[in-house]
Student: 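Quick one: this structure, given as structure tokens, is what I'll be asking you about.
Count residues from 1 along the sequence.
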Amino acid sequence: MNPDRPSARQGNRAGVQLGIDEATGRIGRRARVYVAQDSAAPYGLLAAIDAAHDRFAELEFVSAFLLDRPAPLDHLGNPFRWTSLQPSGTLRDALDSPHFGVVPARYSDITGLVGPGGGLEADVLLCQANPPDVGGRMSLGTGVGGHVDLLRSTPLVIAQVNPHMPYVHGEGNATAPTLTGSLKSTNRCLSWRRRSR
């Protein structure tokens, strides 16, 4: 097994419950990681990857709009890079870093950019999902934006299972075997809050 590449390939998905160390251990030492956007961003998983930054040689994160600051920004250049498709104010402190870039894109552009053959083709998808029901069905919940197609085409998919994520019917439905692995989280889903005046 090449330690520089993710350790799971499409068609070889186990759909297993993982601990945080095993989840981060499945990500190759060098990989491009797409982070689900908005309320589907797995901030607990991102914090765990940041805590394990010593084991990576170079990871490039790609994300669309984020509602909170992701922990890996603390280690830009050592070993992380970040490419934002839709930078938000939460990324403000990283804008001047040579290890942070912007590729402007709409949600409808994400599959073409980050999917198979795209200029930012992802090796790994990190997202949130609700807990599986008795039939093993899960949902990306409120995070069905631009990464629904990536759920099926990205070689390694790790979901942060969050009991606060609602089940939403439609294209964001998945069964556990669609995922390479999942880990439990109790983080609340983030949402926009109106500023008080």
Student: For the atom pair CZ (F56) and CG (L59), what is the distance rounded to the nearest 0.5 Å?
Tutor: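 Output value for this atom pair is 5.0 Å.
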Student: Is there a donor-acceptor pair under 3.5 Å between the side chain of Q160 and the backbone N or O of G44?
Tutor: yes
Student: Please tell me if the side chains of Y34 and L150 come closer than 4.5 Å, counting only heavy atoms from C-beta onward.
Tutor: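 They are in contact (side-chain heavy atoms under 4.5 Å apart), so the answer is yes.
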Student: Does the side chain of S63 pick up a donor-acceptor pair with the side chain of Q37 at under 3.5 Å?
Tutor: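 Checked: S63/Q37 side chains show no N/O donor-acceptor pair below 3.5 Å.
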Student: Between E60 (side chain) and R81 (backbone), is there a donor-acceptor pair under 3.5 Å?
Tutor: no
Student: Can you tell me how far CD of Q86 sits from CG of L91, rounded to the nearest 0.5 angstrom?
Tutor: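 That separation rounds to 11.0 Å.
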Student: Taking side chain as C-beta onward, heavy atoms only, is P72 less than 4.5 Å from H53?
Tutor: no
Student: Check P42 against V35 and note the closest heavy-atom contact, atom names and distance.
Tutor: CD-CG1, 3.9 Å
Student: Counting only N and O atoms by type, is there a donor-acceptor contact under 3.5 Å from the side chain of T24 to the main-chain atoms of D21?
Tutor: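 Between the backbone of D21 and the side chain of T24 there is a qualifying donor-acceptor contact (under 3.5 Å).
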Student: Backbone N or O of G25 within a donor-acceptor pair of the R55 side chain at under 3.5 Å?
Tutor: yes
Student: Nearest 0.5 Å, what's the CG-OG distance between L73 and S84?
Tutor: 9.5 Å
Student: Is a salt bridge present between E121 and R32, judged by a nitrogen-to-oxygen distance below 4.0 Å?
Tutor: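 Between R32 and E121 there is no salt bridge, as every charged N stays at least 4.0 Å from the carboxylate O atoms.
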Student: Would you call the rings of H75 and F80 parallel, tilted or perpendicular, where under 30° means parallel and over 60° means perpendicular?
Tutor: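 Correct class here is perpendicular.
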Student: Would you call V161 and N130 a side-chain contact if the rule is heavy atoms closer than 4.5 Å?
Tutor: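 Answer no - side chains too far apart.
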Student: How long is the gap from CE on M165 to SG on C127, to the nearest 0.5 Å?
Tutor: 8.5 Å
Student: Could you tell me which non-hydrogen atom of A57 sits nearest to which non-hydrogen atom of P79, and how far apart they are?
Tutor: O-CB, 3.4 Å
Student: CG of L126 to CD1 of I49: how many Å apart, nearest 0.5 Å?
Tutor: 4.5 Å
Student: What I'd like to find out is whether the side chain of V168 reaches to under 4.5 Å of the side chain of L140, using heavy atoms alone.
Tutor: no
Student: Go through the steps for D149 and I110 under the test side chain to side chain contact (heavy atoms under 4.5 Å, CB included), then give the verdict.
Tutor: CA-CA 9 Å; D149 291 333; I110 292 174; over 6 Å; no
Student: If you compare all heavy atoms of A23 against all heavy atoms of L45, which two are closest, and at what distance to 0.1 Å?
Tutor: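 For A23 and L45, the tightest heavy-atom pair comes out as CB-CD1, 4.5 Å.
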Student: Search all heavy atoms of V103 against all heavy atoms of T83 and return the closest pair with its distance.
Tutor: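 Minimum heavy-atom separation between V103 and T83: CG2-CG2, 3.7 Å.
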Student: Counting distance only, does the side-chain N/O of Q128 pair as donor-acceptor with the main-chain N or O of A41 below 3.5 Å?
Tutor: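 Side chain of Q128 to backbone of A41: a pair is present.
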Student: Please tell me if the side chains of L125 and L156 come closer than 4.5 Å, counting only heavy atoms from C-beta onward.
Tutor: no
Student: So do F61 and L46 actually touch side chain to side chain, heavy atoms under 4.5 Å?
Tutor: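 In contact.
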Student: Quick one: list whatever passes side-chain contact (heavy atoms from CB on, under 4.5 Å) with D109, sequence neighbours left out.
Tutor: A105, R106, L113
Student: Run through L66, D68, D74 and flag the one making a side chain to side chain contact (heavy atoms under 4.5 Å, CB included) with P70.
Tutor: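 Answer to the side chain to side chain contact (heavy atoms under 4.5 Å, CB included) test with P70 among L66, D68, D74: L66.
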Student: What are the two closest non-hydrogen atoms of S139 and P166, and how far apart are they?
Tutor: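 So the minimum-distance heavy-atom pair works out to OG-O, 4.2 Å.
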Student: Would V33 and V62 count as a side chain to side chain contact (heavy atoms under 4.5 Å, CB included) if you check the C-alpha gap in whole Å, the side-chain angles of each, and the deciding distance to 0.1 Å?
Tutor: CA-CA 6 Å; V33 178; V62 178; over 6 Å; no
Student: Is any side-chain heavy atom of L76 less than 4.5 Å from a side-chain heavy atom of F100?
Tutor: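 Heavy-atom side-chain distance check passes, below 4.5 Å.
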Student: What distance do Y167 atom OH and M138 atom CE have between them, rounded to the nearest 0.5 Å?
Tutor: 10.0 Å
Student: For A40, does its backbone N or O pair with a side-chain atom of D38 as donor and acceptor, under 3.5 Å?
Tutor: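 Looks like no, no N/O pair under 3.5 Å.
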Student: With sequence neighbours left out, what residues match D93 under salt bridge (charged side-chain N to carboxylate O under 4.0 Å, His left out)?
Tutor: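 Salt bridge (charged side-chain N to carboxylate O under 4.0 Å, His left out) list for D93, sorted by chain: R69.
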